[in-house]
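Let me begin by presenting the structure, written as structure tokens, before commenting on it.
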Amino acid sequence: MAENALPKGYEPKDVEERWRVHWETEKTFTPDPDGPGEPFSIVIPPPNVTGNLHIGHALNLTLQDILCRYNRQKGKKVLWIPGMDHAGIATQNVVERRLAKEGKKRQDLGREAFVERVWEWKKQYGDNILRQIRAMGASVDWTRLRFTMDEGLSKAVREVFVKLYEDKLIYKGDYIINWCTRCHTALADDEVEHTPRRGFIWHIRYPLADGSGDIVIATTRPETMLGDTAVCVHPEDERYQHLIGKSVRLPLTNREIRIIADKYVDREFGTGALKVTPSHDVNDWQLGFKHHLEFRQVIDDMGNMNEEAGPYAGLSRDEARKRIVADLEEQGFLVQVEPHENNVGVCYRCKSVIEPYVSTQWFVATSKMAPKARAAVPAEIRIVPENWTKTYYNWLDNIRDWCISRQIWWGHRIPAWTCQDCGELIVAVETPKECPHCRSSRLEQDPDVLDTWFSSALWPFSTMGWPERTRELEVFYPTSVLVTGFDILFFWVARMIMMGQHFMGEVPFRDVYIHALVRDAEGKKMSKSTGNVIDPLEMIEKYGTDSLRFTLCAFAAMGRDIKLSEERIEGYRHFVNKLWNAARFSLMNLPDADVPDYDFDDIARYFENKAECLHHQWILTRLEKVKADTDASISGYRFNDAAQNLYKFLWSEFCDWYLELIKPDMQAGGTRQGVAQCVLLTVLREFLTLLHPIMPFVTAEIWAALPQSANPDNNAHCGDIACAPFPKANPKREYEAAARDMELVQEVTGTVRTIRAELNISPALKLNVMVRPASPADAAIIMANEERVRTLARLESLVADAHAEPPRASASGVARGNEIIVPLAGIVDFAAELARLDKETAKLDKESAMLSGKLANEKYVERAPAEVVAKDRERLLEIDVARKKLDALKARFKEALEE
RNA sequence: GGGCGGUUAGCUCAAUUGGCAGAGCAUCGGCCUUACAAGCCGAGGGUCGUAGGUUCGAGCCCUACACCGCCCACCA
């Protein structure tokens, strides 16, 4: 007993670290591509290298790890590739901030030195997020760690760029893009966040050039008027129809611009007349092309007014606005100012207001790739939960080409060169030596880098060695499932699908499981900048990783966001503790060696006709059920169901009943004890393997302490639970009838306990209980478990006698038709017992009325499934019997009172 | 404007194809019963957002509405 005893308290810190080291040094999670079993693979959504593990990662990692560990148990060869993303803008910003503390700008260092500086930073801090992944217990293959800026992955990026360029799916052009004046770079459409800002709408009078009147336009950005090249009205707007084709004189500059008509204009909004600034507004840009307008740029890349702005040149956007409004007012052009709330686009990284800005950029023709990616769902890719499919379609149906060039320094440099002599554009994987057109060696590489998501889009195959044709790709591509939050469905998932299809000729994953987002109290996305995050590492420190993982798993219900609080994690720590103590108790009752290795056929024979073995049969039956449930839940991504079932089984069934019920067996010795030990060990072992994917550490620790078993049928014991197979369903261990009989024992116990509690009978007082059984069979069951009921209900004696004449002064209850009589002479308050019985009968009456009502309904009896009706009838009969017995007991009790 | 989700016990949330509304925490009462007081035993607590509809039967399906929230698009 001493040898395999566990320490009294579970210390997650020590235990966890030991197992992390064990799994790493043993390379437990490094699969052999040529090994046996079906492949199962996942690529980790690469966290930012600047990242700190937040609760969303913790959830994401937990769910992936559950799937990996589960599938490993199922005998598959599992590959989970870890890695991280270089996170272009984010990382550059971090390093720039550090430079700023030294009073430097990146320009002071120059490009090369700055990039070098970022690499240094990465070397120093890049492991941070990896340590955190490790802390979560993620069963990733560390030997295959990847970084998006690794040489191999960079090669893949260049290959893809060149191929897409050759396929005419990447092109360069002048477009109006989202420009962050602070980060000084272009942003993709989905990198722009919209936030409501209080502002104003100014009504400005533009006088007609011919002096015949004027037209009033409404704008939220008066400073852009310097770049106006038209005024637009709705063609059918009666107010303005006569003005179409005329010209107005732009205030402040006196420049003449045309009045055009387009159905794009909303007649209801503002004055119904729109100023058109093609260079500084996305919609105006479109109008500019459609109506062949002049493109006049007045704001520069820093967000300041340029020389085109005349007297306002050099002013910031905001300053220019103030001055222009003041001047307009002074000159009598300002008609009206009204407050207006509008949605302003801001940079997702630095929250600066985005400036629509015309510049030369690189684009991926995602509009051309979208239809194929759309068609892949659901034919080749299943999105779970399914309702995200619609969102996916919606995005692809309205997709615009993807701007991929970024004017920053940290990232994959665009593999394009311009010949300084002849202007030839060269796109190539390797740096060209000379211009293929004019042989000049004066080639200049495009200064821009690629959007971070470009390399992420290749992640499922670049991590497996593409463009080399590796064994990994052959075996593990496409991956089995992608686990991610919906927030990057567009950024990442859709683009991976496009790239996978184009370069691998095959989608990158079979399933996409979209999990909840962990949100804050207001239902907003948790993020560092808002400051109200729950730090998973702190939770791990306080409550252990298993508690955190179990909590996240238990709340990972599909299609619903998680509002997490620390108390819940604390609550599930109790569950870890419960398991630990149950294991401790089990080990105290198991021998160190020579575990009884009874064949389960022998055990089955031993059970035959033995009512005192009902508890074994019951727990084995329940175990089969929880095995099947866990299997179905995890494979169906119903993580919360799995957690709930396992919790209930361990606590409410295994601990509350089974462990209590075997206590007498353990005292008995002989075969009776041996069988109990064998069943106990089997249940514990199989339960641990079921729970292991969710709680890897505590299960591993307990597993290792279990005594060895020589019998391979009893779930081969390999020392490390991570390698133990998922317990197979075993129909021979299902004993439905015995399990139901066991429930009678539970009900009898419960009835006595309720009487005791409600009548305030001291638990120290051992009662003598009499049962008037409903049938000889019930009597046999109860008496075969007499010892157990006595222990559980704390009785002095328990007798079953159909003809027993109970003392009048007694409390009583009915358990499945069996009258439970507790003699009370001198113990309790009689009025309390009478009140209790009244309450009991009232409850039965209510249920009886409900059932009779239902059964009186002809249509119900006629149309409901036979078994449903039969069940109701059965229950009604049961109630009637109980009711009659209670009445009799009550009557006798009253008589006793009167005497 | 389009799409999606939510509204169930005091709080946070479950309920697998429609069949007696559950759990954890909190509350109340009683217990140190030799694995666990991070525990044990028991109890109370609900017109399942509102109004209709389908059905023998609705938390679940249909329609409308209210409130909360998210995503996308965006009216200058």
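Convention: sequence-line order gives letters A, B, ...; per-chain numbering from 1. Values in this document were obtained by computation on a predicted structure and should not be read as measured data.
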> Once you round it to whole Å, what is the distance between P of B:G44 and CD of A:Glu840?
Replying inline: 9 Å

>> For A:Phe585, does the six-membered ring have the charged nitrogen or CZ of A:Lys663 within the cation-pi criterion, i.e. under 6.0 angstrom from the centroid and within 45° of the normal?
In response: yes

> Does a donor on one side chain and an acceptor on the other come within less than 3.5 Å for A:His203 and A:Glu338?
Replying inline: yes

> Touch check for A:Leu659, heavy atoms < 4.0 angstrom, all strands: base, sugar-phosphate only, or nothing?
Replying inline: base

>> For B:C36, does the base pair up with any side-chain atom of A:Lys578 as donor and acceptor (N or O, under 3.5 Å, distance only)?
In response: yes

> For A:Arg794, which contact category applies under a 4.0 Å heavy-atom criterion: base, sugar-phosphate, or nothing?
Replying inline: base

> In terms of heavy-atom contacts, does CD of A:Glu268 have more than 12 from other residues, nucleotides or ligands at under 6.0 Å?
Replying inline: no

> What interatomic distance, in whole Å, is found between C1' of B:U54 and the corresponding atom of B:A64?
Replying inline: 15 Å

>> For Watson-Crick and G-U wobble pairs within 3.5 Å on both distances, what is RNA chain B written in dot-bracket notation, | included for inter-strand pairing?
In response: (((((((..((((.....[..)))).(((((.......))))).....(((((..]....))))))))))))....

>> Can you work out whether A:Lys843 or A:Arg221 has the more 5'-proximal nearest nucleotide on RNA chain B?
In response: A:Lys843

>> Distance check, P atoms only: B:A66 and B:G19, in whole angstrom units.
In response: 30 Å

> Is there a ring-ring contact (aromatic ring centres under 6.0 Å, His included) between A:Phe550 and A:Phe575 once you walk through the steps?
Replying inline: CA-CA 9 Å; A:Phe550 195 89; A:Phe575 178 65; 4.8 Å; yes

> Mind checking the P distance from B:C60 to B:A15? Whole angstroms is fine.
Replying inline: 14 Å

>> Can you tell me which nucleotide in B:C36, B:A76, B:G44 comes closest to the side chain of A:Lys839?
In response: B:G44

Using the 3.5 Å cut-off, write out each protein N or O paired with an N or O of nucleotides 16-23 of chain B and the distance between them.
unit_1	atom_1	unit_2	atom_2	d
B:C20	O2	A:Glu847	OE2	3.4

> Where the side chain of A:His574 is concerned, which of B:A38, B:C40, B:C13 is the nearest nucleotide?
Replying inline: B:A38

>> Can you confirm whether or not the ring centre of A:Tyr647 sits under 6.0 Å from the ring centre of A:Tyr572?
In response: yes

> If every non-hydrogen atom of A:His234 is compared with every non-hydrogen atom of A:Val265, which pair is closest and at what distance?
Replying inline: CD2-O, 3.2 Å

> Would A:Glu833 and A:Arg836 pass as an ion pair if we require N to O under 4.0 Å?
Replying inline: yes

>> Nearest heavy atom decides the nucleotide; on that basis, is A:Tyr264 or A:Trp651 closer to the 5' end of RNA chain B?
In response: A:Trp651

>> Does A:His234 reach a base, just sugar-phosphate, or nothing at all? Heavy atoms under 4.0 Å.
In response: nothing

> What integer number of Å spans the P atoms of B:G5 and B:C41?
Replying inline: 40 Å

> So A:Phe654 and A:Tyr658, would you call those rings parallel, tilted or perpendicular, with 30° and 60° as cut-offs?
Replying inline: parallel

> Taking the same atom, C1', in B:C67 and in B:C74, what whole-Å distance lies between them?
Replying inline: 25 Å

> Should the pair A:Arg374 and A:Tyr393 be classed as cation-pi, given the thresholds of under 6.0 Å to the six-membered ring centre and 45° from the axis?
Replying inline: yes

>> Can you check the distance between B:A23 and B:G45, where both ends of the measurement are the C1' atom (answer in whole Å)?
In response: 14 Å

> Looking across every strand, which nucleic acid part, if any, lies under 4.0 Å from A:Cys232 by heavy atom: base, sugar-phosphate, or nothing?
Replying inline: nothing

>> Students often get this wrong, so: under 4.0 angstrom with heavy atoms, is A:Asp284 touching a base, only sugar-phosphate, or nothing?
In response: nothing

> Taking atom types as they are modelled, is there a donor-acceptor pair under 3.5 Å from the base of B:A35 to the side chain of A:Glu660?
Replying inline: yes

>> If I pick the P atom on B:C62 and the same atom on B:G24, what distance separates them, to the nearest angstrom?
In response: 32 Å

> So what does A:Glu862 hit on the nucleic acid, given a heavy-atom distance under 4.0 Å: a base, only sugar-phosphate, or nothing?
Replying inline: nothing

>> Using the P atom as the point on both nucleotides, what is the distance between B:A58 and B:G52, in whole Å?
In response: 14 Å

> Which value, rounded to the nearest 0.5 Å, describes the distance between A:Arg317 atom CZ and A:Ile299 atom CD1?
Replying inline: 7.0 Å

> To the side chain of A:Ala757, which of B:G39, B:C13, B:G42 is closest?
Replying inline: B:G42

